[in-house]
Amino acid sequence: MSEENISSNFIHKIIDEDIANGLSARIHTRFPPEPNGYLHIGHTKAIWINYSTAKKYGGLFNLRFDDTNPAKEGDEYVNAIQEDLAWLGITPYKICFGSDYFDECYEFAKVLIRKGLAFVCDLTGDEINEYRGTLTTPGKESPYRNRSVEENMDLFERMKNGEFPDGSKTLRAKIDMKSPNMNMRDPVIYRILRAHHHRTGDKWCIYPLYDFVHPIQDAMEEITHSLCDVDFENHRPLYEWVINNIDIKHTPKQREFAKLNITYTKIGKRYSKALIEQGIADGWDDPRLPTLRALRRRGYTPSALFNFVQLAGVAKATSLCDYGLLEHCMREELNTTAPRRMAVLDPIEVEITNMDEDEVVYFDVVNNPTVENPTSRKVPFTKHLYIEREDFSDNPPPKYQRMKLDHEVRFMSAFVVKCNEALYDENGNVTKLLCTIDRETAGCNPPDGRKIKGTIHWVSKKFAVDAEVRLYDNLFTCEDTGVINMDNFKDYINPDSLKIMKNAKLEPAMAEANCEDKFQFVRTGYFCVDIHDKNVINRIVTLKDSFKSGKPDSKSTGNS
RNA sequence: UGGGGCGUCGCCAAGCGGUAAGGCAGCGGACUUUGACUCCGCCAUUCGUUGGUUCGAGUCCAACCGUCCCAGCCA
């Protein structure tokens, strides 16, 4: 991403003010995923906002793993996250971990205790919840709230030394049990948890909570702007309380933006995780998932993803972005970058009756007409060909421009072909079309000036490359931001999220395609060679408005 | 019923007291050996509602309505 491409948003205005007021000499942001799952398109938005903001102001950007809950986190995820970030083309200034700061957090906790701002609490989890009160009723103070500094210091030290069982004690910030903000009702900042941490091993049996580590780490890394989603807005007072009370010079600023939502998509990692566990999705890279690995496998590019999140906008209002915008971004890029190829997904045979069995006519076909000096390739045309089953109709609707009986149609880049007869099987299905070519139309318009309306694509039977083409669609049918019940996923699953075309016939040039290569299958859409299997080709997006009549299911998002 | 956030075209979104940007989608039309692409044109007398302040309000004030988030020893 280049600086010129970064459009301004409300966060930049905040930063402009901070700079004008001398608050921020240089800008430093961070992307802080918890390593408990794989990155998804929602993270792309957070990455985009933090990274592009740093870039815009010539600042720094860190990747930070929020690994303060060893029960859920692990190396599998930290590795995957780094790989995905690298795929996005982003190199952080620094890669760090919440666990890098466990020693400092421990010391800062003692600072709070000494100041009388934290206490060791013996209440059980249930009791803490009870004492917390409700949204409308104030909480009441813990009976352990007024322990002496000395007792708290002693108890906290012994918590650290492993003298107490898991969950038996916590360290809590002493703030205000009557606060209307639940986060300020003496929040727990340390818990006893004997879990093996993926980085610190068994060194600790007490772990600080997010609300305590995050501000400390932001401050110690000299983060100037801690940009996160609006769910954390309620935590901002606590974030600031910690920074103001631990005696640290640097004061980072937390600001929030709205999360990304997309129609027919559930972005949160808990959804993907559940779909995989229930066997509905094949894994973190199932192309129907919104994870980065899935999107990559399906053929989406980092540039299109970044362009999409930027166009989707950075604001605070809850919004639901149309999936079509993502498709638009991908099409826009692929239109100028993807070589055109002919591929017949659902073949029906055509026999050219006025050609010899061994005759081969090679045509020069342009690879991409949108580039300045287009290159071309040779494509063989033979007596036996395949065309798309739906490109022929013996009962054509009005405005049908494709092949029909006794009519001529252009075989793209090749001859004008006339269909003389259709052969059927016992069930009435077309098995073969008998046609003739007009040899005067080889790669050009008919010399007699007659107009040929339709153009269809074709593949030589003799030279065809066999492949399996997979048409992926959005996994969900629901079009809202609502939470869905994960026990009943099936109620929301699009049954047509995967369609496999087993007998696809590709033009010979496709034999040289490599994994992740992207193409436009002319008149069909954009496709990508699957990362795992060169013989499998995945659809990225369809072309826009493919057919105005005769093809009602032409939209890729067929679940609306 | 407490607190906080947010409400501008079908979907996003600018706007920061001076008379509603832009993108997506859609609709016309031109072009076309991809019904693609490209190109032209159209698409909010109105900013959740109602009052108020002002010469002037989407922008300020008040009330109301709607919506999202918060009661993990998760992040």
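Quick note on labels: first sequence line is chain A, next is B, and so on, each numbered from 1. In this text, all values refer to a predicted model and were calculated from it rather than measured experimentally.
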Output all residues satisfying ring pair (Phe, Tyr, Trp, His ring centres under 6.0 Å) with [X], sequence neighbours left out; order by chain, then residue number.
X        : value
A/His198 : none
A/Phe381 : A/Phe415, A/Trp458
A/Phe257 : none
A/Tyr38  : A/Tyr77, A/Trp284

Polar pairs (N or O, both sides) under 3.5 Å between protein and nucleotides 7-11 of chain B?
| from | atom 1 | to | atom 2 | distance (Å) |
| --- | --- | --- | --- | --- |
| B/C11 | O3' | A/Leu320 | O | 3.1 |
| B/C11 | O2' | A/Leu320 | O | 2.9 |
| B/C11 | O2' | A/Asp322 | N | 3.4 |

Pairwise salt bridge (charged side-chain N to carboxylate O under 4.0 Å, His left out) hits with a residue in residues 171-190 of chain A, at least two apart: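 Checked against salt bridge (charged side-chain N to carboxylate O under 4.0 Å, His left out) - neighbours excluded - the pairs reaching residues 171-190 of chain A are A/Arg145-A/Asp186.
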
Residue pairs, two or more places apart or on separate chains, that pass salt bridge (charged side-chain N to carboxylate O under 4.0 Å, His left out) and touch residues 39-49 of chain A: none

Partner set under side-chain hydrogen bond (donor to acceptor under 3.5 Å, both in side chains) for A/Asn307, not counting sequence neighbours: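 Checked A/Asn307 against side-chain hydrogen bond (donor to acceptor under 3.5 Å, both in side chains); zero matches.
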
Could I get the full list of side-chain hydrogen bond (donor to acceptor under 3.5 Å, both in side chains) partners for A/Asn152, not counting sequence neighbours? none

Sequence neighbours excluded, every pair satisfying side-chain hydrogen bond (donor to acceptor under 3.5 Å, both in side chains) that has a member inside residues 436-450 of chain A: A/Glu359-A/Arg439, A/Glu408-A/Arg450, A/Asn420-A/Thr436, A/Asp438-A/Arg450, A/Asp448-A/Arg450

Assign a letter to each nucleotide of nucleotides 68-75 of chain B from its 5' end: B, base within under 4.0 Å of a protein heavy atom; S, sugar-phosphate only; -, no contact. -BBBSBBB

Using the 3.5 Å cut-off, write out each protein N or O paired with an N or O of nucleotides 37-40 of chain B and the distance between them.
| from | atom 1 | to | atom 2 | distance (Å) |
| --- | --- | --- | --- | --- |
| B/C37 | O3' | A/Asn335 | ND2 | 3.4 |
| B/C37 | O2' | A/Asn335 | ND2 | 2.9 |

